[in-house]
Amino acid sequence: MARQGRGKEAIYTATVASGVGGIVGTIGLLFFAVPLARVALRFGPPEFFWTAIFGLAIISSISEESLVKGIAAGFIGLLVSMIGIAPVGGDVRFDFGISALQGGVEIVSVLIGFFCIPEIFRMAKDPGSTYSEVDSSSQEKGSLGRAFSNVFGHPLNTIRSSIIGTFVGILPGAGGNIANLIAYNEEKRASKVPETFGKGQVQGLVATETSNNAVCEGAMVPLLALGIPGSPPAAIIYGALLLQGLSPGPQLFTKNATIVYAFILSFFFINILMTIIGFVAGKGMYKMVIKVPVRVLFPTILFLTVLGSYAIRSNPMDVILMFLSGILGFVLRDLGFNTGAFVLGLILGPIAEKGFVQGLLMGNMVSMDQPWIIFFTRPLSIALIVLSIFSASWPFFRSYLRKKAALNKGAL
Amino acid sequence: MAESKKINSDYIGGAIVLIFALIFQLQMQPWGKFAVMAPKYVIIALLIFGVILLIKGKLKPTMMDSLRNNFNASMLYTLVVGLLWVFLLEPIGFITTSFIALFALLYPFHPKKGLPRLIGSAGLAAGELLVLYLLFSKFLNVALPKGILF
């Protein structure tokens, strides 16, 4: 969008969408915390496995240019996610004799590398250019109004993405990255112009921003209702609540209802405040960043990627992996591989593997001869299988429908 | 006008996929039953898709601009500086490597020449380093690598 001179509109839209996603998530938390936590409790290893497969099925939608390359990239991501300690059994795998790899690959570092380093290389290709060359003056007028229209003018996308974010947030181990991918894919699938996604289609931005903020409130559901912190930030809040003498869990809503509901309501305030700060800071920062020449911008971004990937675990190996994965991402993208598919494999790999192995262990309790049968007999698993098949086959179905429509048009 | 050189991206892509699968296959060890299960299937799948890509490259190739066409000297320079930066970060130290790397990336692309170029690049590198060092080290308490030279 910035390349089209719509950078300001993008920032405003992201801010409004984030605020709305957070507020919808808070409503979900306020009214449905206890029933949603009960549904989440019914998710066992087979359901987590199928949830991961459902996520991986998105590859068929995002790899329309080359499905084989998309699937191969997904498998490379799955393989990289297996570096480190095995989720069941505790064996150290694929450490290449480097002790720093025994803890596994830090997903955020790899993501930083995969998405930032190729962009840094592209900036380095022409360091003398500036972003202000794009004439954005005519596009900037009315950006705020368009941002609200982008979010509230497409309520189906906004609400659907918020619900996806809230529900993904409830599932332990899942997070904003998965919610983003699912919400983006669902919006792309629902869109009449899916080919515009990734080329400045603002509804893709609305879907991702709405869902990843709703995740935060979703993650509070198992924490408050069951006492299960499903993500690192939820674990920190768990600690903070314990420090205040509150014990998260089923009794929290009856024993400390006033404080719990005040805590939940504070999310409304946080999201409104975040939106206001987003408007003010986003506008200022956008104007500042756009004025910085590319020759200064790309070394600064590289510096931030080095610092950011190191700061996560204070592990220099994360910085090296960040940069190497950036080079891999650059080469793969140039060869027509979908880097989103790699990322999907990397994020969903551990969830899929853990669900698969634990599911088989569970299956042994049902049938020693056919332990895999457990993956196909539970109602939630069946629903997820149907969703996965639908998600994987939708691009082919859509293509068939389009061809048929074109033929009909030609016949008329 | 000379025609830009095209490459068969399926061949190169297939080769990369196969190399990935073989590197990981060589790292396979007699782990426990549950640890070996998933990697085994994924490696087999990768090998299959690598071969499919090679076959596709033979039958219906996807031709793309050579990687060399998309890569120029300043990108290669950034790549080398970046690699040196991340590999020397721990042994040399955060402050020294970051200052040198930032200076090395800023200096060649500075529009002025002579002393203003030197002072401008060094000043900007030092300023960025100071702000981010203070932010991460002092404010966020991140223990940055000290190495042999800080």
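Naming convention: chains lettered A, B, ... in sequence-line order (proteins, then strands); numbering from 1 in each chain.
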Pairs of heavy atoms under 4.5 Å with chain A: top-ranked of B/Leu144, B/Ile48, B/Ile52, B/Leu140: B/Leu144
Best-contacting candidate, A/Leu304, A/Val88, A/Ile320, against chain B by heavy atom pairs under 4.5 angstrom: A/Ile320
A/Ile85 versus chain B, the contacting section by heavy-atom distance below 4.5 Å: neither
Engaged part of B/Leu76 at the chain A interface, taking heavy atoms whose separation is under 4.5 Å: neither
Under 4.5 Å from any heavy atom of chain A - which part of B/Val86: both
Under 4.5 Å from a heavy atom of chain B, the part of A/Ile327 involved: side chain
Structural part of A/Ala86 lying under 4.5 Å from a heavy atom of chain B: side chain
Residue part contacting chain A, namely of B/Phe24, when any heavy atom lies under 4.5 Å: both
CE/B/Met63: more than 12 non-hydrogen atoms of other groups inside 6.0 Å: yes
Flag if over 12 foreign heavy atoms under 6.0 Å of CZ, A/Phe96: yes
Contact leader toward chain B among A/Thr305, A/Ile83, A/Leu307, A/Leu302, where contacts are heavy-atom pairs under 4.5 Å: A/Leu307
Test of ring centre spacing under 6.0 Å for A/Trp50 and A/Phe356: no
Chain A contact via B/Tyr77 - which portion, at a heavy-atom distance below 4.5 Å: neither
Contact winner vs chain A - B/Gly14, B/Gly32, B/Pro39, heavy-atom pairs under 4.5 Å: B/Pro39
Residues A/Arg93, A/Glu353: salt bridge by 4.0 Å N-O rule: yes
Residue pair A/Lys69 / B/Thr62, side-chain donor-acceptor N/O under 3.5 Å: no
Options A/Val68, A/Leu78, A/Leu79, ranked by heavy-atom pairs under 4.5 Å with chain B, top entry: A/Leu79
B/Gln29 versus chain A, the contacting section by heavy-atom distance below 4.5 Å: neither
A/Phe375/A/Phe49 aromatic ring centres below 6.0 Å: yes
Donor-acceptor contact below 3.5 Å, side chain A/Ser325 vs main chain A/Leu321: yes
Closest-packed option against chain B by number of heavy-atom pairs under 4.5 Å, given A/Leu361, A/Asp126, A/Ile120: A/Leu361
Region of B/Leu79 that comes under 4.5 Å of a non-hydrogen atom in chain A: both
Region of A/Ile71 that comes under 4.5 Å of a non-hydrogen atom in chain B: side chain
Heavy-atom contact with chain A under 4.5 Å, split by part of B/Leu129: both
OG on A/Ser109 to CG on A/Leu324, rounded to 0.5 Å: 12.0 Å
Under 3.5 Å: donor-acceptor pair, side chain of B/Arg117, backbone of B/Tyr107: yes
Check: B/Phe94 main-chain N/O paired with B/Tyr133 side-chain donor or acceptor under 3.5 Å: no
Top contributor to chain A contacts, counting heavy-atom pairs under 4.5 Å, from B/Ile23, B/Val36, B/Leu53: B/Leu53
B/Lys56 side chain vs B/Lys60 backbone, donor-acceptor pair below 3.5 Å: yes
Interchain contact, A/Val306 with chain B, by part (heavy-atom threshold 4.5 Å): side chain
Parallel, tilted or perpendicular, as decided by the 30° and 60° cut-offs, for the rings of A/Trp372 and A/Phe376: perpendicular
Residue among A/Gly97, A/Ala72, A/Pro299, A/Gly89 with most heavy-atom pairs under 4.5 Å to chain B: A/Pro299
Side-chain donor-acceptor contact under 3.5 Å, A/Glu106 with A/Ser309: no
Choice from B/Ile43, B/Leu102, B/Val142 maximising heavy atom contacts with chain A below 4.5 Å: B/Leu102
A/Phe298, part contacting chain B, at a heavy-atom distance under 4.5 Å: side chain
Within the 6.0 Å centroid threshold, strictly below: A/Phe94 and B/Trp31: yes
A/Phe303 portion near chain B, given a 4.5 angstrom heavy-atom threshold: both
Most chain A-contacting option - heavy-atom pairs closer than 4.5 Å, from B/Gly82, B/Ala104, B/Ala45: B/Gly82
B/Leu83 portion near chain A, given a 4.5 angstrom heavy-atom threshold: both
Whether B/Ser74 side chain and A/Ala124 backbone form a donor-acceptor pair below 3.5 Å: yes
Structural part of A/Phe121 lying under 4.5 Å from a heavy atom of chain B: both
